[in-house]
Protein chains: 2
Amino acid sequence: MPKKTAGAAAKPTSKSGAKPAEDGAVAARPRRERRSVRREAALTAAFRIAEQEGAAGLSMRRVAQELSVDVTALYRVFRDKDELLLALCERVIESELAELGDVPDDEPWQDTLRRIAATIWESQLRFPAITVLTFARITGGPAERRMVELLVDAFARSGLPRDRVVLFYRAFVDSVLGLCAHSAVLGSLDPEVREKDDTTWSRVYAHLPETDHPATRAHIAELTAVTQKSIYDTAVEALLTATERAAAGEGAGGAG
Amino acid sequence: MPKKTAGAAAKPTSKSGAKPAEDGAVAARPRRERRSVRREAALTAAFRIAEQEGAAGLSMRRVAQELSVDVTALYRVFRDKDELLLALCERVIESELAELGDVPDDEPWQDTLRRIAATIWESQLRFPAITVLTFARITGGPAERRMVELLVDAFARSGLPRDRVVLFYRAFVDSVLGLCAHSAVLGSLDPEVREKDDTTWSRVYAHLPETDHPATRAHIAELTAVTQKSIYDTAVEALLTATERAAAGEGAGGAG
DNA sequence: AAGAAATGACAACACCGTTGACAACAGTGT
DNA sequence: ACACTGTTGTCAACGGTGTTGTCATTTCTT
């Protein structure tokens, strides 16, 4: 196992690396800019690879090759692959925020959440590989923080008490991300495996003896016809309705 | 990429391999038994490895080593790693079915679904590595078929029309599996990364300037306190309630 | 110009999934 | 007893992965 030397995480370079926070060093800028450009280039290259060759094709060597650079040079910019993945995730959230635009003050919180859910779904469709690779990870970056703020604010507008706000907020985001990841896995599998899974329904389940699996057999047509998006929408609406009902109940009955 | 020769999937040995279905060949049994035993042993070994060393530690070589056998011998039993993973997934579903027991005829469909959701959650807790590895895959095996039958039957008992049955059924299973996978990822990460992600909330989000992220800041205590299980239960109940309401609506207003 | 810092490239390590060629063994038909 | 066949296991190897150490080169600071 390529064990990461956690002890070295208190990296000796961190002391000098922490310094650029002071804005006085104007002359230090050009270097930073160059490195930043490399970082951007690496990310866009990684995006293109992930889009075209799927999650399996997104390797450090492949990204470096796309930049006509040695692999190890990439490790000067990203400490490890995980950092690159989180940066990609951060970028996806940025694009989602851009597509989302501003949230009008008078927009109902349900509509805000519907728009967010739709936007996340679309970016999952665009970059399934990145969705599946960064599923359930936390970047801690500014874009993610902004997205969290939008979501928590929307749920807070429902009027629920704080503990219920975070409960429904987490149920919402975790479900949304889980469903997107589910769909993304299906969309980013090797074509061969993908076909295998896809046709499993019709191959296996269509030929079940009626005696053993009557319910499945009775719904086989609908099972093969249902779409991922309709499933997603159903789950999202269920969570919104549950939040609405909880808000109505708490608002009528209890404390603020 | 180690491309799989899909053409060879129509393997020439399949003709002779299909024969053992005939029970007349009694002498051929010992061979099958030996192989079956090896298969079982490999699966239990894989389970132990997955449980103790996580998803990253579960490799073909590692399983073979656990059996004191060369790696390539494993490839006589499992065509590739994917087949081993699907077999593991099947086994997990089997254990879930066993823990689930029989479904009483008079059990309300909501309770059936609650019991299933609880069982899936528990097995996710036990084997997070396998959950994350087989997330969103279809085994097509008997255990999975039985589980599908139980779920579809439960939703059918709600009285919804067939297309709505499969819609809510899929929304339910996909959400449940997605949420379990979400939690399993958190539970099966490298301890180092896991801690990084875990503490991100308190590290990053606790120090946000109030002006930029007021809603997040206002809910920081609740955000760090909420548990994965309570999130899971909230989502499950939301989906059940949505199904109930849909059933009530359809039953009162519309077609049968 | 001298020194320090950043950056890139080469080689290498320890893994991974997978395949092909070959040897040992079981049981079968002659 | 013999060759034949099918199963199971071992050895070596291929191409791939993430990652590190070492060294040279460029770039910036002083």
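All heavy atoms count here, side chains included; hydrogens, waters and symmetry mates do not. Chain letters run A, B, ... following the sequence lines, proteins first, then strands; residues in each count from 1.
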B/D82 CG to C/dC16 C1': how many Å, rounded? 16 Å
Expressed in angstrom and rounded to an integer, what is the separation of B/D80 atom CG from C/dG20 atom P? 14 Å
Determine: side-chain N/O of A/R38 to OP1/OP2 of C/dG8, distance under 4.0 Å, yes or no. yes
Length of the line joining B/F78:CZ and C/dT18:C1', which is rounded to integer Å: 16 Å
Tell me the salt bridge (charged side-chain N to carboxylate O under 4.0 Å, His left out) pairs involving residues 60-72 of chain B, sequence neighbours left out? B/R48-B/E66, B/E53-B/R62, B/R62-B/E66
Grab the N/O contacts between the protein and nucleotides 10-13 of chain D below 3.5 Å, and write none if there aren't any.
unit_1, atom_1, unit_2, atom_2, d
D/dT10, OP2, B/D70, N, 2.6
D/dC11, N4, B/T72, OG1, 3.1
D/dA13, N6, B/R61, NH2, 3.4

With sequence neighbours excluded, tell me which residues meet side-chain hydrogen bond (donor to acceptor under 3.5 Å, both in side chains) with B/T216. A/E149
When the distance from CZ of A/R62 to P of D/dG18 is rounded to whole Å, what number comes out? 12 Å
Round to a whole Å and report the spacing from CE of A/M60 to C1' of D/dG18. 8 Å
Contacts of A/H182 meeting ring-ring contact (aromatic ring centres under 6.0 Å, His included) (sequence neighbours excluded), chain-then-number -> B/F135
Any residue meeting side-chain hydrogen bond (donor to acceptor under 3.5 Å, both in side chains) with B/T227, in chain and number order, not counting sequence neighbours: B/S230
For B/S123, give me all partners under side-chain hydrogen bond (donor to acceptor under 3.5 Å, both in side chains), at least two apart in sequence or on another chain. B/E96
Within this structure, what is the CD1-to-P distance between B/I49 and C/dC16, rounded to whole angstrom? 10 Å
How many Å lie between NZ on B/K81 and P on C/dC15, as a whole number? 15 Å
Measure the shortest side-chain to side-chain distance between A/Q228 and A/W121 over non-hydrogen atoms and say whether it is less than 4.5 angstrom. yes
Please report, rounded to the nearest Å, how far the P atom of D/dG9 is from the CG atom of B/L67. 10 Å
